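Below: one structure, written as structure tokens.
Everything numeric here is computed off the predicted structure, so don't read it as measured data. So that the names make sense, note that chain A is the first sequence line, chain B the second, and so on, each numbered from 1.
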Protein chains: 2
Amino acid sequence: MSPTAAERGREVRRKLLDAAVELIVERGWAAVSTRVLAERAGVAPGLVHYHFDSVQALLTEAATGQMREAAALIGPALAAARTPAEALGLLMASLDSYTGTDPMSLLFVETYLAAARDPQLRQVVAGLLLEFRAQLAAWLAEHDVPDPDTTATVLGAAIDGLVMHRAMDPTVTGDVITPVLARVFRDAT
Amino acid sequence: MSPTAAERGREVRRKLLDAAVELIVERGWAAVSTRVLAERAGVAPGLVHYHFDSVQALLTEAATGQMREAAALIGPALAAARTPAEALGLLMASLDSYTGTDPMSLLFVETYLAAARDPQLRQVVAGLLLEFRAQLAAWLAEHDVPDPDTTATVLGAAIDGLVMHRAMDPTVTGDVITPVLARVFRDAT
DNA sequence: AACCATCTTGGGCACTCGCCCAAGGCGAGC
DNA sequence: GCTCGCCTTGGGCGAGTGCCCAAGATGGTT
């Protein structure tokens with residue numbers, strides 16, 4: 001019944017990844033250290049560099065993993081929407097769950113920023129961003145929204161921008177901005 | 001002709017603030033240290049804590065000063081626009097000057113992030129954000145754009161989001177997104 | 001039982017960190 | 001000339017950093 005060494009090893013890896021996500025959010029990407037990671041994961045400090053090449057590599061894997069999970073939720077959620085108004089409602093509801101200072105918001109902005117300085121991370125994040133846009137664009141195209149690709153780009157950026165601004169101004173809720181954002185769905189010309 | 005001690009002191013302060021802006025951009029907010037600041041400013045390390053209470057205070061003053069300057073350029077620039085299309089053109093032109101990895105973009109995102117963890121900084125940044133929005137909203141109201149306040153909010157957030165996304169995907173230029181963004185200017189109903 | 005791969009431990013190395021402070025200019029005002 | 005106030009110097013303190021590594025534990029394979 002007792003797990004094998006390899007299984008325990010994988011468990012430690014997972015605990016370190018979880019701890020990394022927590023700590024990026026709490027302290028900021030650059031302030032996550034070997035020893036704090038180990039302590040949070042309940043593990044000896046030496047294990048960090050046994051399971052990962054570097055702290056940077058651990059943070060990268062943790063952050064991209066979390067973003068991948070979040071991105072995977074978008075497609076199925078969108079599939080439930082029948083009209084553009086419904087889709088916007090879904091996006092706004094998810095926006096309202098991000099206050100700009102909650103874990104997921106901070107993780108995203110921290111990772112965007114880290115990606116601006118790390119080409120390898122940037123490539124991964126760019127891929128996730130394109131994937132998110134593609135899912136949104138596909139839905140828009142199926143529901144006859146004009147310029148689906150560009151519209152998806154603008155919507156995605158607006159959402160990330162709004163999340164960032166909400167940290168400064170919490171009055172920016174989905175309810176308030178829905179009427180304006182709805183305009184981008186309407187026919188061009 | 002030789003400057004007084006007080007004048008030289010003010011000059012050192014200024015050099016430290018300039019160095020701080022450069023280093024926040026190059027290394028990231030949390031990675032700017034006393035000694036690197038002093039070296040970049042061409043000044044002895046001890047002067048950092050003579051002229052400022054802490055490194056954090058120096059970074060805060062440097063970043064908010066730079067943002068204040070940038071925000072002050074918006075009003076006059078907007079005044080030159082006669083139609084919503086022209087105003088959007090101006091905003092898009094300024095967007096194109098920010099690649100997402102240029103100094104100003106990184107400084108803004110770094111500061112937003114630092115503000116999420118520092119209530120004092122957050123208050124200052126929030127004030128600047130509201131000021132920017134108010135200027136944009138005032139212009140929109142004068143030119144009969146519906147929901148000027150909310151529209152300004154969405155536009156401002158979209159621009160910041162687009163800047164952040166451009167670091168990952170440089171193909172997002174003003175030209176491409178102008179047609180979609182133009183929709184938010186049109187009459188509601 | 002012996003061996004082996006794998007994981008784990010905890011301390012060590014060389015370095016940097018923020019902040020402090022005694023000591024030393026140095027020009028302005030008396 | 002002398003004192004006063006401001007600015008400046010450079011070293012030092014305790015703590016924290018990433019990464020390394022010799023040594024030990026554990027459990028499956030031969």
Taking atom [atom2] of [N] as reference, at what distance in whole Å does atom [atom1] of [X] sit?
{"X": "L47(B)", "N": "dG10(D)", "atom1": "CG", "atom2": "C1'", "answer": "11 Å"}
{"X": "L23(A)", "N": "dT17(D)", "atom1": "CG", "atom2": "P", "answer": "11 Å"}
{"X": "W29(A)", "N": "dG18(D)", "atom1": "CH2", "atom2": "P", "answer": "14 Å"}
{"X": "L16(A)", "N": "dC7(C)", "atom1": "CG", "atom2": "P", "answer": "13 Å"}
{"X": "E11(A)", "N": "dT8(C)", "atom1": "CD", "atom2": "P", "answer": "10 Å"}
{"X": "R13(B)", "N": "dT8(D)", "atom1": "CZ", "atom2": "P", "answer": "12 Å"}
{"X": "K15(A)", "N": "dC7(C)", "atom1": "NZ", "atom2": "P", "answer": "15 Å"}
{"X": "F52(B)", "N": "dG18(C)", "atom1": "CZ", "atom2": "P", "answer": "15 Å"}

Grab the N/O contacts between the protein and nucleotides 24-26 of chain C below 3.5 Å, and write none if there aren't any.
none

Check ion pair [X]-[Y] (N to O, under 4.0 angstrom):
{"X": "E26(B)", "Y": "R40(B)", "result": "yes"}
{"X": "R166(B)", "Y": "D102(B)", "result": "no"}
{"X": "R117(B)", "Y": "E110(A)", "result": "yes"}
{"X": "R27(A)", "Y": "E22(A)", "result": "no"}
{"X": "D18(A)", "Y": "R14(A)", "result": "yes"}

Taking 4.0 Å as the cut-off, does a side-chain nitrogen or oxygen of [X] come that near to OP1 or OP2 on [N]?
{"X": "S33(B)", "N": "dC17(C)", "result": "yes"}
{"X": "T34(A)", "N": "dT17(D)", "result": "no"}
{"X": "Y50(B)", "N": "dT8(D)", "result": "no"}
{"X": "H51(A)", "N": "dT6(C)", "result": "no"}
{"X": "H49(B)", "N": "dC20(C)", "result": "no"}

Item checked: E11(B), CD atom: more than 12 neighbouring heavy atoms under 6.0 Å -> yes

Next item on the list: Decide if atom CD of E39(A) counts as having more than 12 heavy atoms of other residues, nucleotides or ligands within a radius under 6.0 Å.
Entry: no

Margin query: For a quick check under 3.5 Å, do T171(B) and D169(B) share a side-chain donor-acceptor pair by atom type?
Written below: yes

Below 3.5 Å is the cut-off: list the nitrogen or oxygen pairs between protein and nucleotides 11-13 of chain D, distance only.
residue : atom : partner : partner atom : Å
dG12(D) : O6   : R35(B)  : NH2          : 3.3

Next item on the list: Using a 4.0 Å heavy-atom cut-off across all strands, classify V48(B) as base, sugar-phosphate, or nothing.
Entry: nothing

Notebook entry, point to check: Would you say E131(B) and R68(B) make side-chain contact, with heavy atoms under 4.5 Å?
Noted result: no

